[in-house]
Amino acid sequence: MDTNAAIEVKELVVKYGQKVAVNYLSFQVPMGTIFGLLGPNGAGKTSTIKAIIGLVEKESGTVRVLGRDAASDLAWIKSNIGVVPENPALLDSLTPNEFFELVASLRRMKDTNRIKSLVDAFEFREYLDTPIASLSMGNKQKCAVIAAIMHEPKILILDEPFNGLDVRSVKIFKDIIINHVKNGGAALFSTHIMDVAERICDRVCIIDNGMKVAEGSMQELKETIQGSTLEEIFLKATHMEKEIDEVVKALSS
Ligand code: ATP
């Protein structure tokens with residue numbers, strides 16, 4: 001076991017009936033690292049994240065968070081991570097104020113100043129007393145983000161965290177993630193936004209059909225896969241480059 005690993009996934013298999021969503025996937029997220037999990041639609045990113053946070057049962061393999069086994073220490077792990085799920089369940093009948101109070105009490109937070117700072121940072125104050133059900137998609141996402149990071153967890157696990165956020169909020173959230181990792185934390189996030197991943201990830205893992213097709217720092221990937229941007233590397237690693245050329249040619253002929 002690597003004691004410096006924030007998250008260790010080893011030979012993880014996730015199945016839904018006969019469907020293999022994650023196929024012997026292994027990677028490590030060291031502390032002090034922003035780690036991007038990339039892949040086309042249906043590649044297995046959400047299933048991997050769900051297996052790490054105990055939302056789906058794995059078929060086989062091991063998942064460790066801060067050295068603890070996710071199968072036996074899930075409650076401890078949950079108190080040390082902040083999660084933005086793909087489709088956050090936010091208790092629609094509550095207002096954000098009530099929701100944040102609930103989450104803060106579940107996490108036994110005594111000092112709520114950080115919530116106030118996050119609400120101001122995301123310009124969310126005017127929505128605090130609006131029922132969550134009536135919030136726009138982006139404001140629901142802001143609500144999920146604030147709830148996930150309010151207790152300053154050591155590890156952030158974020159599934160498409162920038163979904164629906166406006167440009168200002170994406171920038172603020174990116175900077176929060178970067179500072180979090182500079183201060184010794186770690187972040188694992190999935191995204192389809194290659195520019196963001198390229199700019200903030202220390203390391204990326206590209207998966208396709210549940211299997212790893214590439215992993216490394218941007219520099220390593222540029223050298224091994226020979227692309228000048230992460231988009232180019234992604235399309236090469238997932239064998240989409242030629243197919244896209246053909247599709248576009250067919251459309252323009
Ligand atoms: P996206 O980028 O579209 O969000 P993803 O990489 O997160 O995709 P997953 O959601 O993990 O991919 O899905 C991996 C595979 O597992 C897909 O083929 C998907 O259809 C299948 N799958 C996911 N959830 C279920 C489920 N609850 N029941 C059956 N199949 C599922």
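One-based numbering along the sequence shown. Remember, it's 1-based here, ligands and their atoms both numbered in the order they're listed.
On a distance-only criterion, Gly42 and ligand 1 share at least one N/O pair closer than 3.5 Å. Considering backbone and side-chain atoms alike, Lys45 places an N or O below 3.5 Å from some N or O of ligand 1. Between Gly44 and ligand 1, a contact under 3.5 Å exists for at least one N or O pair.
With a 4.0 Å cut-off on non-hydrogen atoms, Lys50 does not touch ligand 1 at all. Using a 4.0 Å cut-off between heavy atoms, Pro40 contacts ligand 1 through its backbone alone, with no side-chain atom that close. Looking at Glu86 against ligand 1, only its side chain comes within 4.0 Å, counting heavy atoms.
Ring pair Phe124/Phe100 is tilted by interplanar angle, where 30° to 60° counts as tilted.
When only non-hydrogen protein atoms are considered, atom 9 (P) of ligand 1 lies nearest to Ser47 OG, 3.7 Å. Atom 23 (C) of ligand 1 has its closest protein heavy atom at Tyr16 CE1, 3.4 Å.
Among Lys15, Glu160, Gln18, Lys19, the residue whose heavy atom sits closest to atom 18 (O) of ligand 1 is Lys19.
Interface of Ala21 with ligand 1, defined as ligand atoms under 4.0 Å from a residue heavy atom, comprises 14 (C), 15 (C), 16 (O). Those atoms of ligand 1 with a heavy atom of Ala43 less than 4.0 angstrom away are 5 (P), 6 (O), 12 (O).
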Note to self: Let's go through Lys171 and Asp175 carefully: what are the C-alpha distance in whole Å and the side-chain angles of both, what is the deciding distance for salt bridge (charged side-chain N to carboxylate O under 4.0 Å, His left out) to 0.1 Å, and is it a yes or a no?
What the structure shows: CA-CA 6 Å; Lys171 169 75 179 134; Asp175 287 350; 3.1 Å; yes

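Using a 4.0 Å cutoff on heavy atoms, His192 counts as a contact of ligand 1.
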